[in-house]
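Residue numbering restarts at 1 for every chain, and letters A, B, ... go by the order of the sequence lines. This structure is a prediction, so every number in the text was calculated from the model and none was measured.
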Number of protein chains: 2
Amino acid sequence: MNDSISSTFAALADPTRRAILARLALGETSVTKLAEPFEMSMPAVSKHLRVLERAGLITRGREAQWRPCKLKAEPLREAAGWLDEYRQFWEQSFDRLDEYLQRLQTEAKQKHASEPKGTQSNNKEKVHGRDNQ
Amino acid sequence: MNDSISSTFAALADPTRRAILARLALGETSVTKLAEPFEMSMPAVSKHLRVLERAGLITRGREAQWRPCKLKAEPLREAAGWLDEYRQFWEQSFDRLDEYLQRLQTEAKQKHASEPKGTQSNNKEKVHGRDNQ
DNA sequence: TGGTTATGTAACTAATTAGTTAAATAAACT
DNA sequence: AGTTTATTTAACTAATTAGTTACATAACCA
């Protein structure tokens, strides 16, 4: 498991490391600041940072006694590229869900035409969830 | 590490499991068929399948003595959604690379105007690599 | 020079992972 | 009923991971 994409996914599989990346998305910062939100020793955080560094997700500079960490998004781009090849599959299932919901809607209308308009398409948007993740 | 996205990324961190998903993208198939390309015992493959199943990336049916595996892309959609929040970062660095390459081009033109046209923008596309990953 | 602050390394532990072989289950075939 | 085929479970091992505490390094500050 020394290929680039494996070490990227492995690095992303830990919530602490994802939180660190989220913090770094707000800007470069020191190890101590990064460690603050976690109930965990500094060496533990240091180890997480090394994992992120090995995966190429961060770089570390030097500024006096601080080692500011900086997000490097290139491996994330690779990972997104890998996932993108499967996009058709989740979009396909949404298409089927759309059909299903539309059929439900049609059947409901046929049974009793009193259902207020717009309700179904609202549900559809929520289930899709493309905008609010 | 029992949250959905962590177990998804962890499942994707192994090349064997990614290869299994790639195979399943071509269609539902049996455990034995899935195991064929790998120099690895059946129980090992079986364990990989359990990891994928736990992550919700596959489901297993029953058809006589076969247990056909089927790709479920929903967790991939979640993972892609998580990554997408970082899209601006890799696009941003590309923007900077664009600027850099454009500056190189401009400087090269100023030094000796004999550089054939179109070469630089070709390089730019290759470095972007949005189409050929 | 000596103290403080920021960070990394060493050595250890417990839990998890990825593999193995051998045995169990379950359905089909004769 | 007995055999073959497909798959899973059990029991084990070696390697890796995520954490700990104690110590080391390195730069600044008085």
Side-chain angles (χ1 to χ4, degrees), chain A residues 1-24 27-71 75, chain B residues 1-24 27-71 75:
Chain A
M1 203 271 284
N2 23 14
D3 60 303
S4 160
I5 200 126
S6 291
S7 56
T8 301
F9 281 133
L12 296 180
D14 184 287
T16 302
R17 288 193 289 264
R18 289 199 307 279
I20 287 173
L21 292 182
R23 171 62 190 80
L24 289 178
E28 214 166 315
T29 195
S30 74
V31 177
T32 312
K33 284 285 177 59
L34 282 173
E36 252 168 34
F38 306 109
E39 289 181 351
M40 179 185 304
S41 66
M42 289 292 300
V45 173
S46 192
K47 282 189 180 180
H48 281 303
L49 291 175
R50 200 177 50 175
V51 172
L52 291 169
E53 192 177 30
R54 288 253 183 90
L57 284 161
I58 64 168
T59 54
R60 286 191 267 192
R62 165 70 84 176
E63 193 172 326
Q65 66 258 218
W66 296 274
R67 311 293 313 271
C69 295
K70 194 178 172 183
L71 178 65
Chain B
M1 203 273 283
N2 22 14
D3 60 303
S4 158
I5 200 127
S6 290
S7 56
T8 301
F9 280 134
L12 297 180
D14 184 289
T16 302
R17 289 193 290 263
R18 290 199 306 279
I20 288 171
L21 292 182
R23 171 62 189 81
L24 289 178
E28 213 165 316
T29 193
S30 74
V31 177
T32 312
K33 283 283 176 62
L34 281 174
E36 254 169 34
F38 307 110
E39 287 180 351
M40 182 184 306
S41 66
M42 289 294 297
V45 172
S46 192
K47 281 189 178 180
H48 281 302
L49 292 175
R50 198 178 52 175
V51 172
L52 291 169
E53 191 177 31
R54 288 252 183 92
L57 285 161
I58 64 169
T59 54
R60 286 189 267 190
R62 165 71 83 178
E63 194 172 326
Q65 68 258 216
W66 296 274
R67 310 294 314 271
C69 295
K70 194 178 171 184
L71 179 65

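Residues A/Ile5 and B/Leu12 have side chains not in contact (no heavy-atom distance under 4.5 Å, counting atoms from C-beta outward). Looking at A/His48 and A/Phe38, their side chains never come closer than 4.5 Å, going by heavy atoms from C-beta outward. Looking only at side-chain heavy atoms (C-beta outward), A/Asp3 and B/Arg18 come within less than 4.5 Å of each other. With a 4.5 Å cut-off on side-chain heavy atoms, A/Leu34 and A/Leu24 count as touching. Side-chain contact between A/Thr16 and A/Val45: absent, with no pair of heavy atoms (C-beta onward) separated by less than 4.5 Å.
Between B/Arg60 atom CZ and D/dA6 atom C1' the separation is 12 Å, expressed in whole Å. Atom CE in A/Met42 sits roughly 18 Å away from atom P in D/dC23 (whole-Å rounding). For the pair B/Glu39 CD and C/dG19 P, the computed distance is 12 Å after rounding to whole Å. Taking atom CH2 of B/Trp66 as the reference point, atom C1' of C/dA27 lies 9 Å away to the nearest angstrom. The distance between atom CG of B/Leu52 and atom C1' of D/dT7, rounded to the nearest whole Å, is 16 Å. One interatomic measurement links the two molecules: NZ of A/Lys33 to C1' of C/dA6, which rounds to 12 Å at whole-angstrom precision.
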Just the atom pairs and distances: protein N or O near nucleotides 16-18 of chain D's N or O, under 3.5 Å.
{"from": "D/dA18", "atom 1": "OP1", "to": "A/Arg17", "atom 2": "NH2", "distance (Å)": "3.1"}
{"from": "D/dA18", "atom 1": "OP2", "to": "A/Arg17", "atom 2": "NH1", "distance (Å)": "3.3"}

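Note on B/Ala64: only backbone sugar-phosphate atoms sit closer than 4.0 angstrom, heavy atoms only; bases stay farther off. Residue A/Thr16 is classed as having no contact, given no heavy-atom separation below 4.0 Å to the nucleic acid.
For B/Ser46 and D/dT8, the shortest distance from a side-chain N or O to OP1 or OP2 is below 4.0 Å. A sub-4.0 Å separation between OP1 or OP2 of C/dA6 and a side-chain N or O of A/Arg62 is absent. For the pair A/Ser41 and D/dG19, the criterion of a side-chain N or O lying under 4.0 Å from OP1 or OP2 is not met.
In the set D/dT8, C/dG8, C/dA6, D/dT8 carries the atom at the smallest distance from any side-chain atom of B/Arg67. You'll find that the side chain of B/Gln65 is closest to C/dA28, out of D/dT8, C/dA28, D/dT7.
Every residue two or more places apart in sequence or in another chain that forms a salt bridge (charged side-chain N to carboxylate O under 4.0 Å, His left out) with A/Arg60 is listed here: A/Glu53.
Not a single donor-acceptor pair under 3.5 Å links the side chain of A/Arg23 to the backbone N or O of A/Ala35.
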